[in-house]
Amino acid sequence: MPELPEVETIVRQLKKKICGKRIVKAEIYDTAVVDPKLKTVSSVKIVNVRRRAKYIVMELDDGHFIITHLGMTGHFHFRDRKQAPGDCEKYMVSKFLFSDGSYLTHNSIRKFGKMRLADLQQLQKISSKLGAEPLDEKFTLPYFNELLWKRLRANIKAVLMDQQAIAGVGNIYAQEALYHAGVSPLRKAGSLSAGERKSLYTELRRILLEAIRYRGTTVDNYSNLEGRGGFQDHLAVYQKERCAKDHPLQKIVVGGRGTTYCPKCQR
DNA sequence: CGGGGCTCCTGTGCGC
DNA sequence: TGCGCACAGGAGCCCC
């Protein structure tokens, strides 16, 4: 399930592979995931690839943008030259052919993702509904405190995962940040002390940066363009049985999402 | 405002 | 061995 670090990794790799390439043809195999308007994309150059929250934004030289949310199981594959479709193309939902013969496929098993063509106005509308980037310099501790202040009665984990509050944090990194901050996922945002808020703020950013360094977490079907990430070997609670201090972890449901935490280390 | 439930989808892993 | 079912979940939606 690509979250901020996974999407950031994919964006960095896409940038190297497809920036400057000219799309000659777009093929669409599943209109539930891919906007049929993308069929009209041809003879446009990709001038930049960037990330906003969990969205991948490809900027085209005609002023349009291809915006992709990978959902839980979406991934891209880049091929230097035409070759027979392999296993990874089994769930192909779209394919972009470039003028040099290389191509990019977009695959999705559970089809929770979305890919659409947008103009600047539509892109800005999507972006305006998303909260601050947690790794942006504008995301300061006072800013974080204010976010929690606005959502006093909400569950702290729900706030971390709320894309309108903090953009890009999902179920894995919310759980990891809470563990490292020693805060129980059952707490209300308004109940955190100043020290706990500072710790959670620091740990959230630290864990996201560390995960980016490892090129993301590979669980289930996630893969970046070049293969698996490495952060799954550094997870503290997600899909774990015991914490770093060897306490047994507890699995509960918070806000409809599976949540693993340490009742001893997280208060 | 906040939480709960439902929906989309399909591979995995369980019990019988 | 194989069937059937619960489960996993990001995000948008509705409802209380």
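Convention: sequence-line order gives letters A, B, ...; per-chain numbering from 1.
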Please report, rounded to the nearest Å, how far the [atom2] atom of [N] is from the [atom1] atom of [X].
X	N	atom1	atom2	answer
A:Gln175	C:dG10	CD	P	10 Å
A:Met115	B:dC9	CE	C1'	18 Å
A:Met72	B:dT12	CE	C1'	12 Å
A:Leu148	B:dC1	CG	P	16 Å
A:Gln164	B:dG2	CD	P	12 Å
A:Arg110	C:dA8	CZ	C1'	5 Å
A:Phe112	C:dA11	CZ	C1'	9 Å
A:Asn155	B:dC1	CG	P	17 Å

> A:Leu135, A:Val159: one ILVMFWY side-chain cluster at the under-4.5 Å cut-off?
Replying inline: yes
> Given side chains that start at C-beta, do those of A:Lys188 and A:Leu152 come closer than 4.5 Å, heavy atoms only?
Replying inline: no
>> Using the rule given for side-chain hydrogen bond (donor to acceptor under 3.5 Å, both in side chains), can you reason through A:Lys198 versus A:Asn145, listing the C-alpha separation, both sets of side-chain angles and the distance that settles it, and then say yes or no?
In response: CA-CA 8 Å; A:Lys198 185 178 180 183; A:Asn145 284 335; over 6 Å; no
> Thinking salt bridges, do A:Arg267 and A:Glu196 make one under a 4.0 Å N-O criterion?
Replying inline: no
Using OP1 and OP2 only, check whether a side-chain N or O of [X] sits under 4.0 Å from [N].
X	N	result
A:Gln163	C:dA11	yes
A:His69	C:dA11	yes
A:Lys111	B:dG11	no
A:Tyr91	B:dG11	yes

>> Quick check: on DNA chain B, is the nucleotide nearest A:Arg257 upstream (toward 5') of the one nearest A:Ala154, or the reverse? Name the residue that is more 5'.
In response: A:Ala154
>> Using side-chain hydrogen bond (donor to acceptor under 3.5 Å, both in side chains), reason through A:Tyr173 and A:Thr217 one step at a time and then give a plain yes or no.
In response: CA-CA 10 Å; A:Tyr173 296 104; A:Thr217 299; 2.7 Å; yes
Looking for any heavy atom pair under 4.0 Å, which part of the strands does [X] touch: base, sugar-phosphate only, or nothing?
X	value
A:Lys114	nothing
A:Gly113	nothing
A:Lys129	nothing

